[in-house]
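Keep in mind it's a predicted model, so treat the numbers as computed, not measured. Whatever order the structure lists them in is the order used to number ligands and atoms, beginning at 1.
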Amino acid sequence: MQGRVFLFVGPDGSGRNTLANAMGITFHIPRVVSYTTRPKRQYETPGRDYIFVTEKEFTEKEQAGNFIEAVRSDGYYYGIKKEDCERFLREQGGFYAVLSPAGCEIFKKLFPNVVTIFVYADRDTVTERQQLRGDDKQTIERHLRHYDNVMNYQGECDIAIANYDLASTAQELTTRIENFLGIVHDPDSKY
Ligand SMILES: Nc1nc2c(ncn2[C@@H]2O[C@H](COP(=O)(O)OP(=O)(O)O)[C@@H](O)[C@H]2O)c(=O)[nH]1
Ligand SMILES: Nc1ncnc2c1ncn2[C@@H]1O[C@H](COP(=O)(O)OP(=O)(O)O)[C@@H](O)[C@H]1O
């Protein structure tokens, strides 16, 4: 199936979601929202960040073959509905998602026009951002245990970008995605 598929991956707190949402606006593509059994955090909005379901609901959907891919991480389930991906490709020319490295590998095999975008920042920075975001100590420790492993996935991605100053990172990422896709701007365009 044709269409743009942007996949964002990287350590927790690096700014994957922030940059993914910004690129969704810039490139006019919707987010495919994952289903999860993880409890909602106070800064998350159901339906926008995740679709929060019980383990029973998740298992029923999984058994019915609804998920294009599903993973278990730190005891919680995450999955993306096949139907959502197909609808966005058909009706909106693509979608973006924020995934684990394992999820990216599955999507790379399923869709022809995938762009993998690795977002990172150093360990101290991601720790500080998670503290500011309000993640509890145990969650931050759990995330940091994955840090080195996730950082190793950088070499498998089409674009890798360090996220420190948000405005300049978003601008640079836009240019790098355009270059990757071969998008050329008309110099006479007023847009
Ligand atoms: N493969 C896959 N990974 C997902 C999906 N949804 C979220 N993830 C990833 O699973 C990891 C854990 O999700 P997160 O919301 O950060 O949960 P936390 O670790 O409990 O804070 C992150 O790397 C997410 O990007 C999904 O549907 N499929
Ligand atoms: N460049 C940046 N500078 C400062 N804070 C940032 C930057 N990028 C993202 N943030 C903030 O850091 C936190 C983590 O970003 P988020 O996008 O939720 O990360 P992730 O999805 O990788 O866990 C959020 O509170 C977000 O607003």
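- Using a 4.0 Å cut-off between heavy atoms, Ala20 makes no contact with ligand 2 at all.
- Taking every non-hydrogen atom of Asp12 and a distance limit under 4.0 Å, the qualifying atoms of ligand 2 come out as 23 (O).
- Between His143, Arg133, Gln130, it is Arg133 that holds the heavy atom closest to atom 14 (C) of ligand 2.
- Considering backbone and side-chain atoms alike, Tyr35 places every N or O at 3.5 Å or more from each N or O of ligand 1.
- An N or O contact shorter than 3.5 Å links Arg38 to ligand 1 by distance.
- Shown here is Gln171, whose CD atom has no more than 12 heavy atoms of other residues, nucleotides or ligands within 6.0 Å.
- With 3.5 Å as the limit, one finds a donor-acceptor pair spanning the side chains of Tyr96 and Asn21.
- Considering backbone and side-chain atoms alike, Thr139 places every N or O at 3.5 Å or more from each N or O of ligand 1.
- Using bins of under 30°, 30° to 60° and over 60° for the plane-to-plane angle, the ring pair Phe6/Phe8 lands in the perpendicular bin.
- With a heavy-atom cut-off of 4.0 Å, Leu99 touches ligand 1 through backbone and side chain alike.
- The ligand atoms of ligand 2 that sit less than 4.0 angstrom from a heavy atom of Pro11 are 22 (O).
- When the heavy atoms of Gly13, Pro39, Cys104, Ser100 are ranked by distance to atom 4 (C) of ligand 1, first place goes to Ser100.
- Other residues, nucleotides and ligands contribute only 12 or fewer heavy atoms inside 6.0 Å of the CD atom of Gln138.
- Among Asn17, Leu19, Thr18, the residue whose heavy atom lies nearest to atom 9 (C) of ligand 2 is Thr18.
- Using bins of under 30°, 30° to 60° and over 60° for the plane-to-plane angle, the ring pair Phe95/Phe107 lands in the perpendicular bin.
- Regarding atom 19 (O) of ligand 2, its nearest protein heavy-atom neighbour is Gly15 N, 3.1 Å.
- At least one heavy atom of Arg142 sits closer than 4.0 Å to an atom of ligand 1.
- At the shortest separation from atom 11 (C) of ligand 2 among protein heavy atoms lies Arg129 CD, 4.1 Å.
- Scanning both residues, Ser14 and Arg129, for their nearest heavy atoms gives O-NH1, 3.0 Å.
- At least one heavy atom of Tyr50 sits less than 4.0 Å from an atom of ligand 1.
- Criterion: ILVMFWY side-chain heavy atoms under 4.5 Å apart, direct or through other members. Under it, Val150 and Tyr120 are part of a common hydrophobic cluster.
- Within ligand 2, counting atoms from 1 as listed, the ones closer than 4.0 Å to a heavy atom of Tyr164 are 1 (N), 2 (C), 3 (N).
- Side-chain atoms of Asp12 and Tyr147 include no donor-acceptor pair closer than 3.5 Å.
- The heavy atom nearest to atom 20 (P) of ligand 2, out of those in Gly134, Gly13, Ala170, is found in Gly13.
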